[in-house]
2 protein chains.
Amino acid sequence: MTVSKTAEKSSEKPADAAKGRKDAGEPQAEALQLGELSEQLGYVLKRAQLKVFENFLRCMASLQLTPAQFSVLLLVEKNPGRNQTEIASTLGILRPNFVAMLDNLESRDLCARIRSTNDRRSHILVLTDKGKAVLARAKKLVATKHEARLNDLLGQANREALIGMLSKIANEF
Amino acid sequence: MTVSKTAEKSSEKPADAAKGRKDAGEPQAEALQLGELSEQLGYVLKRAQLKVFENFLRCMASLQLTPAQFSVLLLVEKNPGRNQTEIASTLGILRPNFVAMLDNLESRDLCARIRSTNDRRSHILVLTDKGKAVLARAKKLVATKHEARLNDLLGQANREALIGMLSKIANEF
DNA sequence: CGATATTTGATATGGTCCATAACAATTATC
DNA sequence: GATAATTGTTATGGACCATATCAAATATCG
């Protein structure tokens with residue numbers, strides 16, 4: 001747990017608190033022992049998640065999409081005509097916090113709120129043409145720059161196994 | 001991404017936004033399609049991480065230890081005599097944010113800051129006797145209630161493979 | 001029908017965590 | 001011995017999360 005987020009600038013680079021050298025000249029305090037920490041599920045899970053998000057943001061820099069925004073666009077595309085409550089709750093976002101998020105996407109003309117004719121309380125969500133185009137580009141970036149990197153690192157089979165196990169944890173733990 | 005934290009109370013239970021029934025009587029809008037989202041590494045990683053932390057907190061309720069606090073105690077035990085900067089940076093915690101965390105642990109008499117005689121700027125960190133005792137109990141709880149659950153869910157071999165892959169991501173991604 | 005309850009989107013607000021700047025005390029460097 | 005660097009700390013702002021509350025619209029039920 002307890003790892004930084006951005007890591008774009010100085011931050012802290014956990015694993016090598018005492019620089020990444022092997023045995024340079026200066027005395028230099030030796031590295032700390034992680035011990036049982038490196039076997040702790042939560043610890044390594046959090047670390048991995050931060051790294052993945054960080055990489056995601058880098059890949060998406062040109063489109064300025066966060067993981068959360070990307071997930072909203074994906075879900076709206078797959079389920080057009082749903083209202084805010086449905087989209088938000090499916091993603092585990094609380095309705096109050098979803099408002100500002102939609103304000104952002106809508107101000108960038110990526111999606112739109114449409115007053116429902118059936119139930120004039122609710123806002124139907126749809127992707128704009130620009131939203132569809134941006135999402136298409138985002139998908140390509142994710143596939144070629146982000147997910148592909150996992151394959152390089154773990155191999156196709158392991159990558160699928162990993163996703164499967166994480167899904168199981170997310171759903172059944 | 002974008003999933004809640006506590007999940008103790010109402011929150012949002014992502015997967016079943018429309019309740020967990022199969023096909024009850026009422027019309028009831030059908031569930032949303034996750035689509036490609038369920039294959040997104042970041043999405044499933046974040047989901048899993050939240051679930052694991054949530055479970056960790058439940059297991060530790062009697063000791064009132066968060067994942068971050070647990071990691072600090074583990075690291076201080078394994079590396080006694082180190083100062084705040086060393087412990088914090090190894091965990092990826094920024095020094096300013098580590099102060100309040102230590103204030104908490106110290107006020108509960110779990111660890112202590114000792115002014116170093118070599119360098120009177122730095123505070124050497126050590127576990128108190130109570131801290132050692134609490135950490136020992138915490139380890140048992142984690143092993144029997146937390147990590148054991150992963151074995152039940154994935155099996156020993158898969159659990160180890162998972163930790164290995166996550167470590168690889170955390171270190172090499 | 002009409003009173004009451006529920007739902008939807010929204011606002012306000014507080015908590016937690018993360019990040020940066022700046023400071024005093026101490027130590028290192030030159 | 002003057003200057004720079006380090007350590008712990010404070011102050012502060014941002015991002016994200018959670019709760020209470022509201023008005024408008026709808027549902028429910030007597």
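Residue numbers start from 1 in every chain, and the chains themselves are labelled A, B, ... in the order their sequence lines are given, proteins ahead of strands. The structure presented is a predicted model; accordingly, all values stated were derived computationally and were not measured.
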Next on the checklist: Apply side chain to side chain contact (heavy atoms under 4.5 Å, CB included) to residues A:Arg58 and A:Lys145 and explain how you reach the verdict.
Outcome noted: CA-CA 10 Å; A:Arg58 270 200 304 268; A:Lys145 295 196 168 181; over 6 Å; no
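- Nearest nucleotide to the A:Asn83 side chain, out of D:dA20, D:dG8, C:dG9: C:dG9.
- Nearest heavy atom pair, residue A:Pro67 against residue A:Leu57, reads CD-CD2, 3.7 Å.
- At the phosphate of C:dT26, neither OP1 nor OP2 sits under 4.0 Å from any side-chain N or O atom of B:Ser122.
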N/O-N/O pairs, protein side and nucleotides 27-30 of chain C side, under 3.5 Å:
from   : atom 1 : to       : atom 2 : distance (Å)
C:dT27 : OP1    : B:Arg120 : N      : 2.9

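- At the phosphate of C:dA10, OP1 or OP2 sits under 4.0 Å from a side-chain N or O atom of A:Arg113.
- Using a 4.0 Å cut-off between a side-chain N of Lys or Arg and a carboxylate O of Asp or Glu, B:Glu36 and A:Lys78 do not qualify as a salt bridge.
- Side-chain proximity of B:Asn97 to C:dG9, C:dC18, C:dT11: nearest is C:dC18.
- The shortest heavy-atom contact between B:Gln64 and B:Arg108 is O-NH2, 2.7 Å.
- Checking D:dT9, C:dT11, C:dG9 against the side-chain heavy atoms of A:Pro96 singles out C:dT11 as nearest.
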Checklist entry - A:Gln156 and A:Glu160: side-chain hydrogen bond (donor to acceptor under 3.5 Å, both in side chains), yes or no, with the steps? => result CA-CA 6 Å; A:Gln156 174 76 15; A:Glu160 292 176 8; 2.6 Å; yes
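- Across its full length, the helix from C:dC1-D:dG30 to C:dC30-D:dG1 shows an angle of 10° between the axes of its 5 terminal pairs at either end, rounded to 10 degrees.
- The side chain of A:Leu94 sits closest to D:dT19 out of D:dT7, D:dT19, C:dA19.
- Partners of A:Asp119 under the side-chain hydrogen bond (donor to acceptor under 3.5 Å, both in side chains) rule, at least two apart in sequence or in another chain, are A:Arg121.
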